[in-house]
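Remember, it's a predicted structure, so these values are computed and weren't measured experimentally.
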Amino acid sequence: MDQKERRPRTASGRTTAERRVQRTGRPQGDDGRKQSSRRNQKRRRRRRLRIYAFLLVVLAVLGLLAAVLWKRYSPTKEKYDLKAYYGIQSEEQVAVTMDNQVVEPNAKVWDGKVYLQYETVRDYVNSRFYFDQGNNTLLYTLPKDIVSVEVGSKEYTISKEKKSEDYVILRTEGSTAYVALEFVQQYTNMDYEVYDNPSRVAVVTKWGKKTVASVKKDTQVRYQAGVKSPILTSVKKQDEVTVIETEGSWKKVRTKDGFIGYVKTSALRAPEEKTVSRKFEEPEFTSISKDYTINMAWHNVTNQDANSGVLQMIAKSKGLNTISPTWFHVSDTSGNINSIASAEYVGYAHQADVEVWAAVRDFDGGINSYEESLQLLKSTESRATLINQLISESLRVGVDGINVDFEKISEECGEHFIQFVRELSVRCRQNGLILSVDNYVPKTFNTYYNRKEQGIVADYVVIMGYDEHYAGSPEAGSVASYNFVKEGIEETLKEGVPANKIISGMPFFTRLWKETAKTKEELASQKGTEAAEYTMNVTSEALGMDSAQAVVDQSGAEVTWDETAKQDYATWSDGTTTYKIWLENDKSIEPRLQLMKDNKLAGTAAWALGQESESIWNLIFKYVN
């Protein structure tokens, strides 16, 4: 028998391996191992495929997420429509940036020169420019002269001297006037640059300390703070921008070439303070300033005969150093005046060391409406007539100054009124006359009186600290409560009028109020109107200090102190009518005089002589001496 390896067999005649194959279904030995290995490899491949598939899904999700995040947070390359940004709607318009803001594109180019619409010049560049639309004339007020330019002319006059430029100074297109920026710059501390694509002019009028920053790297200026906001322009490394404000991780900036937008803070170096200036000599509006506290009172003179009472009025006072008689009334819209001025009156006042500032009024004796005052003051010829007559009469009788008491000025008339004050100031300055201007207590609805400009061109700005509740008031109240007077002083100071030019006015009078209940029929007829808010019919009469006290004494009413108004107060009834009165006396006047002193004002003024109690002068003298 060959010596070959034999497989052991069982009793059934099969080898052990054969029987194992029969039980497990898998061959053993080399072939079996190979088959098992192949099966393991398949299992591993399937496992790897599942892993790869999972990874592919994860990568796909991550890719999708990255795409979403990129779309959401990546910087856009979209550029903003610059015509829309500057508000340009037609080819001939030139865009305008004014310091740190984009304004309406109210500029045009003629013969290579940039012209700004007059209203833009007035509102943003130099409010002292004034355009008379009726005469097509541009005026500019200097301390002692008036610059005048006619439409379409290269020539202009200063007083009577003619000068010229090599370009047309003032142009019109329809009813719109345009002024050459080069001419405006002669009289204004401003600078400007002109750029293309789109056509625009960048104007700078504000000087002094500014926050600036240099650019770290090339970057974009965007319309709003955010990488998805469209691009306005690009700035290069080392470019300098003016920083306007910070908004989160962005800064609002102005580029040199007139773009105002946002740059990432990280793209800028640390901001720093820089003083920016331009060589320019501002015209100096000189003023007459008294070296004593002004103690002024208005003298309500209604006719020539009343002038004879001046000595008696002055004799009753104490410390009075200025008197303002109501002598001049504008009689018509052409600028003519009615005058009851008296040289003899002035002589008597001067003998008593009292200056005379003659008052001119646009009511009570001549014109007497907002419409008439507008018609008067919007005409250059009418203003000139009025000023000529005022100066002539003032010099004739020898007054020391003119007091402007114009109370019929509407918002529309505001720019014409302040031009009148400017022009009058020139003539007063030329003739050594003091100019003072009366004003209501500042409110949001009377800002057009332009008290700041008054404080520059006039010598004194007078606050009429009374008529808080007036003759036609729908409800009873104090004529001049403490807070009303205090607000008048504080707001006038806030508007930029120097304290040493402010005169605080106070009343020598009060009002006796009479209230009667409205009937059901009256309330029904007033339903839906402002009058319906008040349940009482209110009337009043003005009373001087002594007369008011006499009325209270006669009524037997109890007088109490109103701490808010800082006045004595009384009320009583006769059954159908309720009477109310806030008294003017030493106790009410003193807190107002203290306000004058605390705020270091130029002085005080009172309406009107003859209404005061004799004792009040000792109190006033204590504060003005």
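Atom NZ of residue Lys318 and atom NZ of residue Lys622 lie 11.5 Å apart, to the nearest 0.5 angstrom. Atoms CG and CG, from Leu619 and Asp586 in turn, are 5.5 Å apart once rounded to the nearest 0.5 Å. With values rounded to the nearest 0.5 angstrom, Thr120 atom OG1 is found 8.5 Å from Tyr178 atom OH.
Counting heavy atoms from C-beta outward, Ile158 and Lys163 have side chains that approach closer than 4.5 Å. Side-chain contact check for Lys290 versus Ile434: some heavy-atom pair is nearer than 4.5 Å. No side-chain heavy atom of Ile323 sits less than 4.5 Å from a side-chain heavy atom of Trp298. The closest side-chain heavy-atom distance from Leu181 to Met190 is below 4.5 Å. Taking 4.5 Å as the limit, some side-chain heavy atom of Val356 sits within range of a side-chain heavy atom of Pro325. Counting heavy atoms from C-beta outward, Ile409 and Asp362 have side chains that approach closer than 4.5 Å. With contacts defined as side-chain heavy-atom distances shorter than 4.5 Å, the pair Arg171/Glu173 does not qualify.
A donor and an acceptor atom, one from each side chain of Gln567 and Asn585, are nowhere located under 3.5 Å apart. Remark: the Glu423 side chain and the Gln419 side chain contain an N/O donor-acceptor pair separated by less than 3.5 Å. Checking Glu119 against Asn106 by side-chain atom types alone, no donor-acceptor pair falls below 3.5 Å. In this model, no donor atom of one side chain and acceptor atom of the other lie less than 3.5 Å apart for Glu150 and Thr137. Side-chain contact, Ser425 with Arg422: no donor N or O sits under 3.5 Å from an acceptor N or O. Side chain to side chain, Gln304 and Asn307 meet the donor-acceptor criterion of an N or O pair below 3.5 Å.
Residue pairs meeting the ring-ring contact (aromatic ring centres under 6.0 Å, His included) criterion with at least one partner in residues 322-345, sequence neighbours excluded, are His299-Tyr345, Trp327-Tyr345. Residue pairs that meet the side chain to side chain donor-acceptor pair (under 3.5 Å) test with at least one member in residues 462-471, sequence neighbours left out, are Glu468-Ser481. Screening residues 153-176 for ring-ring contact (aromatic ring centres under 6.0 Å, His included), with sequence neighbours left out, gives Tyr156-Phe183. Sorted by first and then second residue, the ring-ring contact (aromatic ring centres under 6.0 Å, His included) pairs with a member in residues 116-155 read Tyr118-Phe131, Phe129-Tyr140, Tyr130-His416, Tyr140-Tyr187; sequence neighbours excluded. Screening residues 329-348 for salt bridge (Lys or Arg N to Asp or Glu O under 4.0 Å) gives no qualifying pairs among residues at least two apart or on separate chains. Residue pairs that meet the salt bridge (Lys or Arg N to Asp or Glu O under 4.0 Å) test with at least one member in residues 594-621, sequence neighbours left out, do not exist here. Judged as a ring-ring contact (aromatic ring centres under 6.0 Å, His included), the pairs with a partner in residues 347-385 (not counting sequence neighbours) are, in order, Trp357-Tyr460.
Ion pair Glu415/Lys378 not flagged as a salt bridge, since none of the NZ, NE, NH1 or NH2 atoms sits closer than 4.0 Å to an Asp/Glu carboxylate oxygen. The pair Glu182-Lys113 meets the salt-bridge criterion, since a charged nitrogen lies less than 4.0 angstrom from a carboxylate oxygen. A salt bridge links Glu584 with Arg592: the distance from a Lys NZ or Arg NE/NH1/NH2 to an Asp or Glu carboxylate oxygen falls below 4.0 Å. In this structure, Arg511 does not pair ionically with Glu541, as no charged nitrogen and carboxylate oxygen lie closer than 4.0 Å. Under 4.0 Å is where a charged nitrogen must lie from a carboxylate oxygen, and between Lys408 and Glu372 no such pair does. For the pair Glu487 and Lys443, the salt-bridge criterion is met [side-chain N within less than 4.0 Å of a carboxylate O].
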**Request:** Check the pair Asp145, Ser159 against side chain to side chain donor-acceptor pair (under 3.5 Å), reporting the backbone distance first and the verdict last.
**Result:** CA-CA 6 Å; Asp145 293 292; Ser159 291; 2.2 Å; yes
**Prompt:** Run the side chain to side chain donor-acceptor pair (under 3.5 Å) check on Ser164 and Glu155 step by step: do they pass?
**Reply:** CA-CA 4 Å; Ser164 66; Glu155 294 185 337; 5.6 Å; no
**Message:** Is there a side-chain contact (heavy atoms from CB on, under 4.5 Å) between Thr157 and Ile146? Walk through the geometry before answering.
**Reply:** CA-CA 8 Å; Thr157 61; Ile146 304 290; over 6 Å; no
**Steps toward side-chain contact (heavy atoms from CB on, under 4.5 Å) verdict (Leu376, Val330)** = CA-CA 9 Å; Leu376 163 74; Val330 184; 3.9 Å; yes
**Item:** Glu282 and Asn189: CA distance, side-chain angles, deciding distance, side chain to side chain donor-acceptor pair (under 3.5 Å) verdict
**Value:** CA-CA 7 Å; Glu282 290 280 0; Asn189 190 11; 4.6 Å; no
**Request:** Before giving the answer on side chain to side chain donor-acceptor pair (under 3.5 Å), spell out for Asp438 and Asn403 the whole-Å C-alpha distance, their side-chain angles and the decisive distance to 0.1 Å.
**Result:** CA-CA 7 Å; Asp438 301 341; Asn403 173 250; 2.7 Å; yes
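The two residues Gly398 and Val346 make their nearest non-hydrogen contact at O-CG1, 3.3 Å. In plain terms, the two heavy atoms of Leu116 and Ala107 that are nearest each other are CD2-CB, 3.8 Å. Between Gly465 and Val485, the shortest heavy-atom distance links the atoms O-CG2, 3.8 Å. For Asn368 against Asp364, the heavy-atom pair with the smallest separation is OD1-N, 3.5 Å. Leu142 and Val426 get closest at one heavy-atom pair: O-CG2, 3.3 Å.
A cation-pi arrangement is absent between Lys514 and Tyr579, since the terminal nitrogen or guanidinium carbon is not both under 6.0 Å from the aromatic centre and inside a 45° cone about the axis.
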Identify every side-chain donor-acceptor pair in residues 490-509 under 3.5 Å, counting partners at least two apart or on other chains, and give the distances.
residue : atom : partner : partner atom : Å
Glu490  : OE2  : Lys486  : NZ           : 2.7
Glu491  : OE2  : Lys494  : NZ           : 3.3
Thr492  : OG1  : Gly488  : O            : 2.6
Glu495  : OE1  : Arg451  : NE           : 2.7
Glu495  : OE2  : Arg451  : NH2          : 3.3
Lys501  : NZ   : Ser287  : OG           : 2.7
Lys501  : NZ   : Gly455  : O            : 2.7
Lys501  : NZ   : Ala458  : O            : 2.8

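Evaluation of the side chain to side chain contact (heavy atoms under 4.5 Å, CB included) rule for Val421 yields Phe417, Ile418, Leu435, Val437, Val457 as partners, not counting sequence neighbours. Scanning for side chain to side chain contact (heavy atoms under 4.5 Å, CB included) contacts around Lys452 gives Asn450, with sequence neighbours left out. Contacts of Tyr440 classified as ring pair (Phe, Tyr, Trp, His ring centres under 6.0 Å), with partners at least two apart in sequence or in another chain: Tyr449. With sequence neighbours excluded, no residue forms a side chain to side chain donor-acceptor pair (under 3.5 Å) with Ser331.
Remark: Glu533 CD is packed, more than 12 non-hydrogen atoms of other residues, nucleotides or ligands lying under 6.0 Å away.
Put simply, the residue from Leu390, Thr385, Asn388 that forms a side chain to side chain contact (heavy atoms under 4.5 Å, CB included) with Ile337 is Leu390.
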